Amino acid sequence: MTDMHDNEAKEITLVGVVGAGTMGQGIIQVAAAGGMTVLAYDEKPQAAETAKSKIANFLGRAVEKQRMTASEAAAAIKRIIIIQKFEDLAKADLVIEAIIENLEIKKSLFAKLESVVPQHTILASNTSSLSITGIASNCEHPQRVAGFHFFNPVPLMKLVEVIPGLRTESWVLDKLMDVGTRMTRKPVICADTPGFLVNHLGRGYMPEALRVLDEGIAKHNDIDCIMTGAAGFRMGPFSLVDLVGADVASPVMDAIYQQYYHEPAYQPSQILNLRMQGGILGLKTGSGFYEYSKGKKVEPEPVDTPQNRSMSVHIGNGDVEGTKLLTAFIESAGVTIRSDASDDTLTLLPLVGTGLSTAIALNGLDPTRTVAVDTLFGLEGVRTLMVTPATSNEVRAQAHGLLGVDNASVAVINDSPGFVSQRLVAMIVNVACHMAQRGVSSPEDIDTGARLGLNYPKGPFELAEEIGANRILKILEELEAFYGEPRYRPSAWLRRRVDLGLPLDLPDAVL
Ligand code: NAD
């Protein structure tokens, strides 16, 4: 038994944090608030002191808002000990590194840490993009090195990723899970892979939204309205990119695409790179996909709903659930439903996956009088209508007037397999399935990561359960067949479970 294994039984009470910048400050705060004593170190003079006084202000506000008592806040502040000498980290049970994102600098810091701490001390990195195995490569005892990845702003973001390098021993992960929980975080385990869990999972939403925009299928504000108003996401992809900044979002997209050796599913769009070059970064520059005035988004003018609505509708072949929803909606609008299409009838198709042109050709429909409706997320919120280049302006206005009869918002988009919401959600689920298949993380942790790290209303496996994994597979198959691109190929994980009628979150049998 090495003395490293003696540490398995010991609770971590003394935590060192190296680097007291944006992330280090947050980590120091949650560790101290979680009852641990923290040794705060930064090579820059006064940086740790500044962090401590900002934490005191933050906790003071928490007391005012009655989120903690004054004595709890005072005790947490007292547990933060600023150290001037690196060697004073020697007694720490765990050291969390939150310094500059540079592999060589981190590698030498970890080697230097090994020269002052005993063999059982866990060494953790808060890196966002470097491999834990690489950071540990200079270490004499890489088995006690792991990733401990927090999110910004730390006190508000409840998730923490626990990442084993290739040589990390399992007791180290158990300890970090425990420490993360005592810091009131929700720890998830993920493999040492590009983007870890959250940044990898994010390859579904924003990149596919950019692809939809790039192809001229829908305007950015319509995509945002559909994703928030129909699919229930808290923020649309273009509001999100404006908030994060094109200068941050674009390099992350590039890095993950490169690190996965040009995996087509993760291909970024040139749209964002161009904006980054032009300094059209979003909120921080006052101009991005939206314009900002005094830090507030200037909402685009809403489109008026046409008054002339169709009085005779035929519902063509489409999704069974969607047909029921659409029938109930048309009946409640007092509009006649005809069993056949005729010269004065609007044909509506509740499509799942299939593009409108494809459906018109397959069913021999009149292209001038046929419009598709997205029913996947119901018809309660924002509604999406899809038209083709052949749709007459009159029919388009009639369909818009009918779908907006109760003043609901209607987004009219160009033809696309899977509309907007179906495409984006299918890509989110498919990326999650690719991740589960690769062993990046478990379906349960992927769902947690989506909710707490990306603020999605539900995790991808929960979403697929609600929508039906077979419908997600159909959307992807239609996209793949239409574009002929491996970007849309359904994950083996998804296809296998749909083929067998098994729940999508069921793990593989072996390994
Ligand atoms: P930051 O620039 O705000 O802070 C870094 C701090 O580390 C500075 O105070 C600096 O003086 C100190 N430092 C640099 N080299 C040092 C050394 N060798 N020894 C001691 N102190 C040193 O950076 P940050 O945003 O807090 O990022 C820190 C780490 O966290 C990076 O690895 C980053 O990738 C990761 N991260 C950042 C975010 C984020 O949104 N900012 C989110 C998750 C993870």
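Order of appearance sets the numbers: ligands from 1, and atoms from 1 within every ligand. Here the structure is a predicted model, which means the values were calculated and not measured.
With Glu97, Gln46, Glu101 as candidates, the residue nearest to atom 32 (O) of ligand 1 on a non-hydrogen basis is Glu101. Between Ser125, Pro153, Ala98, Gly24, it is Ala98 that holds the heavy atom closest to atom 5 (C) of ligand 1. Of all the listed residues (Ile99, Ile100, Thr127), Ile99 holds the heavy atom that lies closest to atom 31 (C) of ligand 1. Of the candidates Asn152, Val18, Val198, Val17, Asn152 brings a heavy atom nearest to atom 40 (O) of ligand 1.
Nearest to atom 35 (C) of ligand 1 among the protein's heavy atoms is Asn126 O, 3.4 Å. Regarding atom 12 (C) of ligand 1, its nearest protein heavy-atom neighbour is Asp42 OD2, 3.3 Å. Looking only at protein heavy atoms, the nearest one to atom 21 (N) of ligand 1 is Glu43 N, 3.3 Å. In this structure, atom 4 (O) of ligand 1 lies nearest to the protein heavy atom Gly21 CA, 3.3 Å. Of the protein's heavy atoms, Ser128 OG, 3.2 Å lies nearest to atom 36 (N) of ligand 1. Looking at atom 37 (C) of ligand 1, its nearest protein heavy atom turns out to be Met23 CG, 3.3 Å.
Taking any N or O of Lys106, backbone or side chain, at least one lies under 3.5 Å from an N or O belonging to ligand 1. Considering backbone and side-chain atoms alike, His149 places every N or O at 3.5 Å or more from each N or O of ligand 1. Distances between N or O atoms of Lys44 and those of ligand 1 include no value under 3.5 Å. Looking at ligand 1, you'll find an N or O of Thr22 within less than 3.5 Å of one of its N or O atoms.
Counting only N and O atoms by type, the side chains of Ser239 and Lys297 include a donor and acceptor under 3.5 Å apart. Checking Gln143 against Thr168 by side-chain atom types alone, no donor-acceptor pair falls below 3.5 Å.
For CZ of Arg67, the number of neighbouring non-hydrogen atoms (other residues, nucleotides, ligands) closer than 6.0 Å is 12 at most. Around atom CD of Gln66, no more than 12 heavy atoms belonging to other residues, nucleotides or ligands sit under 6.0 Å away. Residue-environment remark: CZ (Arg167) stays at or below the threshold of 12 foreign heavy atoms within 6.0 Å. The environment of NZ in Lys54 is sparse: at most 12 heavy-atom neighbours from other residues, nucleotides or ligands sit within 6.0 Å. In this structure, Glu301 places its CD atom where only 12 or fewer heavy-atom neighbours from other residues, nucleotides or ligands lie under 6.0 Å away.
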Worked check of salt bridge (Lys or Arg N to Asp or Glu O under 4.0 Å) between Lys112 and Glu43: CA-CA 13 Å; Lys112 195 171 153 199; Glu43 66 172 13; over 6 Å; no
Worked verdict on Phe238 versus Tyr290 for ring-ring contact (aromatic ring centres under 6.0 Å, His included): CA-CA 8 Å; Phe238 295 97; Tyr290 297 93; 7.9 Å; no
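Less than 4.0 angstrom separates atom 26 (O) of ligand 1 from at least one non-hydrogen atom of the protein. Protein heavy atoms are absent from the space less than 4.0 angstrom from atom 2 (O) of ligand 1.
Only the backbone of Phe150 comes within 4.0 Å of ligand 1, judged by heavy-atom distances.
Assignment of Gln25 to the shell around ligand 1 is not supported, since no heavy atom sits closer than 4.0 Å. Distances shorter than 4.0 angstrom do not occur between any heavy atom of Phe86 and any atom of ligand 1.
Only one option out of Met177, Lys175, Arg185 pairs with Val162 in a side chain to side chain contact (heavy atoms under 4.5 Å, CB included); it is Met177. Applying side-chain hydrogen bond (donor to acceptor under 3.5 Å, both in side chains) to Ser416 and the options Gln422, Arg211, Arg423 leaves one that passes, Arg423.
By the ring-ring contact (aromatic ring centres under 6.0 Å, His included) test, Tyr266 pairs with His200, Tyr260, sequence neighbours left out.
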